[in-house]
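So you know, we letter chains A, B, ... as the sequences are listed, proteins then strands, and number each from 1.
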2 protein chains.
Amino acid sequence: MVRMADVARAAGVSVMTVSNVLNERLPVNEPTRARVMAAVEALGYEVNLTARHLRAGRTDTVAFVVPSFHDYFGELADQVAPLIEAEGRHLVLERTSANAEQEMEALSVARLQIYDGVLLSIAGLDLEQLGRVRTSKPIVLLGERDVPDHLNHVRLANESGARLATAHMIERGSRRILALGCSFDGAHMMTTDRRVGWENACREAGLAADPAYVVPVSDYTSLGGRDAMLEFIASGLPFDGVFAVTDIVALGALSALADSGLRVPVDVQLAGFDNLDMSRFIPPGITSVDANHEGVAEAAVTLLHRQMSGWTGPAEHVVAPVRLVVRGSTRGGA
Amino acid sequence: MVRMADVARAAGVSVMTVSNVLNERLPVNEPTRARVMAAVEALGYEVNLTARHLRAGRTDTVAFVVPSFHDYFGELADQVAPLIEAEGRHLVLERTSANAEQEMEALSVARLQIYDGVLLSIAGLDLEQLGRVRTSKPIVLLGERDVPDHLNHVRLANESGARLATAHMIERGSRRILALGCSFDGAHMMTTDRRVGWENACREAGLAADPAYVVPVSDYTSLGGRDAMLEFIASGLPFDGVFAVTDIVALGALSALADSGLRVPVDVQLAGFDNLDMSRFIPPGITSVDANHEGVAEAAVTLLHRQMSGWTGPAEHVVAPVRLVVRGSTRGGA
DNA sequence: GTCCTGCTTTTTATCGATATATTGAGCGCG
DNA sequence: CGCGCTCAATATATCGATAAAAAGCAGGAC
């Protein structure tokens, strides 16, 4: 491994001069500078980031800690990356498997200190655990649950989004709408918020928000959605609309409906939440609440940058607005 | 920040004793050990990973460098993570945006040295550029292009997969099959390999592999697939089957077919490549070549572990086998 | 009582960079 | 000629840990 000292020797200068050339800190005379650069080229020197970090206390790296790498988080991460890079920093993703222990570990001082800042997509941690997180590192939480006041947080307007989607289906003629995957789940506050949105939309339209129409899913996957949907269909309860807690779950529902010979949107209207890329293309197009990745990414990165540049005011709690994207799975859509 | 020295002072021992307790290197007497642990607890000490790295030269961290965070790569990364964690290491994802410069940067000595090993999903680099990569760090390449002999590499059996899918559609009655997104593309050797598979299947069945049926896409997204498909339909050339270079592209094609009133699989059979989660659930189910994530992940991690444990034999080039998953988008499927 | 042996613990050197203080060279000006 | 001033370059200390060598300190043999 080539060290700065090797470059210094080759160029006939001191180590500090090499450092000054490479970091453009103190001025260096042109002939000296040229000699140093030549030596750098010749030896193929590259700075040791670890040593720099230890001494300078800066890594120019931000971590985005997510429960899993795919779907929603992958898409969000792709939005976040350019914003971080625009400020000359690097983004890396870490995964916690939606597991409280691993999430706490990701927040442990040891791993935090590696980064200049951390975006954390919480999933498994409750308020009490988050309350224990005391760090001087810039950190912004993302995700649909309550967090302690002292931590910056960006979340979606879940209730409003669910209400929009449900109201839309009611307006287009549905009278008995399922809330698929919207049952209470300790680990996912979002399901509760979205259920409340569904309830409110039903009530506002003078319809009953029957608890029997809040259908739990075993997990938030397409398979979970499909199984729950099939089970509900088998129960024989009448329905003519499905609001699924996420697009992934909605896809499972769509699959179950198709297999059961129910036509979307003629027999049953369907709407999801997140507006994943695929939702636009899956025939007949899944109506979905756009999760506003750009807005969330931008808000989160703005809060993070503010902290990284030394701002120390009170934490902010941003609620990103959402909008409904109407497609063929509901009537009157595109 | 609490340092090891603070713990040592609190426990009334030397710094090395603290280090020995925490790392279980040299034996430490029980009473001493207990005092140290108590001090660690009391002060809330956590090791400084950067300092450890600088001195010990080990980070216990592996990077998976991918072109983008979503879809295929996100799913693959979720397969890789547990395998890395099983050996007590940590996995982080880095992104290159399929850009040759950023890929070279990810391979630069500076960033490599941060990790104990690197998995690199190549997309933008050509053979010449990869040839310049000289590193002593364990590294394994993943992806569908040719790589220099001296680098470990895992790829898919692209030709064989494409042939399987195409032959299956021919067997089920298709006579004019499009190769969507399979045109030559300098940046994606995979498209060529898959086109060859399509050609071979056609020839073996005594059908023409007409170049007019190799349809380029502007980019490898659903939108790209959709636009190309619509354009082809508009051209009026007869067809009764579509082999799409990826499931993402296949989804775009499905969307276009649905909008054009063509029924899948009655009028047109459709098959993709990658077998993404969603392909199973999108009605009528997309027949797809399974990209064998487990196999690829396991092969790659095995090669990486071997290198990280000091093995220095010649590089290996693994071709992971693939299999066809038949679903409703081709006839006679489930 | 001395010396050796086997453990535990401490000392010393080091990883590769950067921040701060200091030295040295060149130059204008009285 | 010497003083002070500016700018370039070097010397020294440090970041927080670990590897390797040295030192302490029992207990037992002679």
Side-chain angles (χ1 to χ4, degrees), chain A residues 1-40 43-61 108-116 136-137, chain B residues 1-40 43-61 108-116 136-137:
Chain A
M1 167 130 327
V2 184
R3 291 162 334 209
M4 202 174 259
D6 301 321
V7 176
R9 192 168 341 106
V13 297
S14 74
V15 181
M16 264 327 284
T17 301
V18 178
S19 175
N20 285 330
V21 167
L22 294 177
N23 296 293
E24 298 177 346
R25 252 173 52 90
L26 301 185
V28 175
N29 267 3
E30 181 48 34
T32 315
R33 211 191 67 79
R35 277 213 318 287
V36 170
M37 288 311 287
V40 166
L43 300 177
Y45 171 77
E46 302 209 44
V47 68
N48 182 318
L49 295 174
T50 304
R52 167 182 290 171
H53 179 203
L54 179 59
R55 182 65 240 242
R58 156 185 64 95
T59 55
D60 296 325
T61 302
S108 78
V109 179
R111 288 211 69 83
L112 275 186
Q113 74 201 166
I114 295 187
Y115 302 109
D116 287 353
S136 51
K137 276 281 149 107
Chain B
M1 167 130 328
V2 183
R3 291 159 329 190
M4 204 176 255
D6 301 321
V7 175
R9 192 167 343 104
V13 296
S14 75
V15 180
M16 263 326 283
T17 301
V18 177
S19 175
N20 285 330
V21 168
L22 294 178
N23 296 293
E24 300 178 343
R25 252 172 52 88
L26 301 184
V28 175
N29 266 2
E30 181 47 34
T32 315
R33 209 191 68 79
R35 277 213 319 287
V36 170
M37 288 310 289
V40 166
L43 299 177
Y45 170 77
E46 302 208 44
V47 69
N48 181 319
L49 295 175
T50 304
R52 167 182 291 172
H53 179 202
L54 179 58
R55 182 65 241 241
R58 157 185 62 97
T59 55
D60 297 326
T61 302
S108 79
V109 179
R111 287 211 69 83
L112 274 186
Q113 74 201 166
I114 295 186
Y115 302 109
D116 288 353
S136 51
K137 276 282 151 104

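- One atom, CD1 of B:Ile114, and another, C1' of C:dA17, lie 14 Å apart when rounded to the nearest Å.
- For B:Thr32, there are no side-chain hydrogen bond (donor to acceptor under 3.5 Å, both in side chains) partners at least two apart in sequence or on another chain.
- Partners of B:Thr59 by side-chain hydrogen bond (donor to acceptor under 3.5 Å, both in side chains), not counting sequence neighbours, listed by chain and number: B:Asp116.
- Annotation: side-chain hydrogen bond (donor to acceptor under 3.5 Å, both in side chains) contacts of B:Arg9 (sequence neighbours excluded): B:Asp6.
- Comparing the axis of the opening five pairs of the helix from C:dG1-D:dC30 to C:dG30-D:dC1 with that of the closing five pairs yields an angle of 80°, rounded to 10°.
- Contact footprint of chain B on DNA chain D: nucleotides with an atom under 4.0 Å from a non-hydrogen protein atom, first to last in 5' to 3' order, D:dG16 to D:dA20.
- The stretch residues 26-39 of chain B participates, sequence neighbours left out, in these salt bridge (charged side-chain N to carboxylate O under 4.0 Å, His left out) pairs: B:Glu30-B:Arg33.
- A:Val40 is linked by a side-chain contact (heavy atoms from CB on, under 4.5 Å) to A:Val7, A:Leu22, A:Val36, A:Tyr45, counting only residues two or more places apart in sequence or in another chain.
- The CZ-C1' distance, from A:Arg3 to C:dT14, rounds to 11 Å in whole Å.
- Side-chain atoms of B:His53 and A:His53, non-hydrogen and from C-beta on, never get closer than 4.5 Å to each other.
- Among residues two or more places apart in sequence or in another chain, the side-chain hydrogen bond (donor to acceptor under 3.5 Å, both in side chains) test is passed with B:Thr61 by none.
- Taking both residues in full, the closest heavy atoms of B:Ala51 and A:Leu54 are given as CB-CD1, 3.9 Å, listed atom of the first, atom of the second, then distance.
- The nearest heavy atom of DNA chain C to A:Arg25 and to A:Met1 marks one nucleotide each, and the one closer to the 5' end goes with A:Met1.
- Counting distance only, with no hydrogens placed and no angle test, the side-chain atoms of B:Arg55 and the base atoms of C:dT14 include a donor-acceptor pair under 3.5 Å.
- Mapping A:Ala56 and B:Val18 onto DNA chain D by nearest heavy atom places A:Ala56 closer to the 5' end of the strand.
- Whole-Å rounding puts the A:Met4 CE to C:dA19 C1' distance at 13 Å.
- Applying the salt bridge (charged side-chain N to carboxylate O under 4.0 Å, His left out) test to every pair with at least one member in residues 11-29 of chain B, sequence neighbours left out, gives no pairs at all.
- Look at A:Ser19 and you'll find a side-chain N or O under 4.0 angstrom from OP1 or OP2 of C:dT18.
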Taking N or O atoms only and anything under 3.5 Å, show me the protein contacts with nucleotides 6-9 of chain C, one pair per line.
from	atom 1	to	atom 2	distance (Å)
C:dT8	OP1	B:Asn29	OD1	3.3
C:dT9	OP1	B:Thr32	OG1	2.5
C:dT9	OP2	B:Asn29	N	3.0

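- In terms of the side-chain contact (heavy atoms from CB on, under 4.5 Å) criterion, residue partners of B:Met16 (sequence neighbours excluded) are, by chain and number, B:Ser14, B:Ser19, B:Asn20.
- Screening residues 45-58 of chain B for salt bridge (charged side-chain N to carboxylate O under 4.0 Å, His left out), with sequence neighbours left out, gives B:Arg58-B:Asp60.
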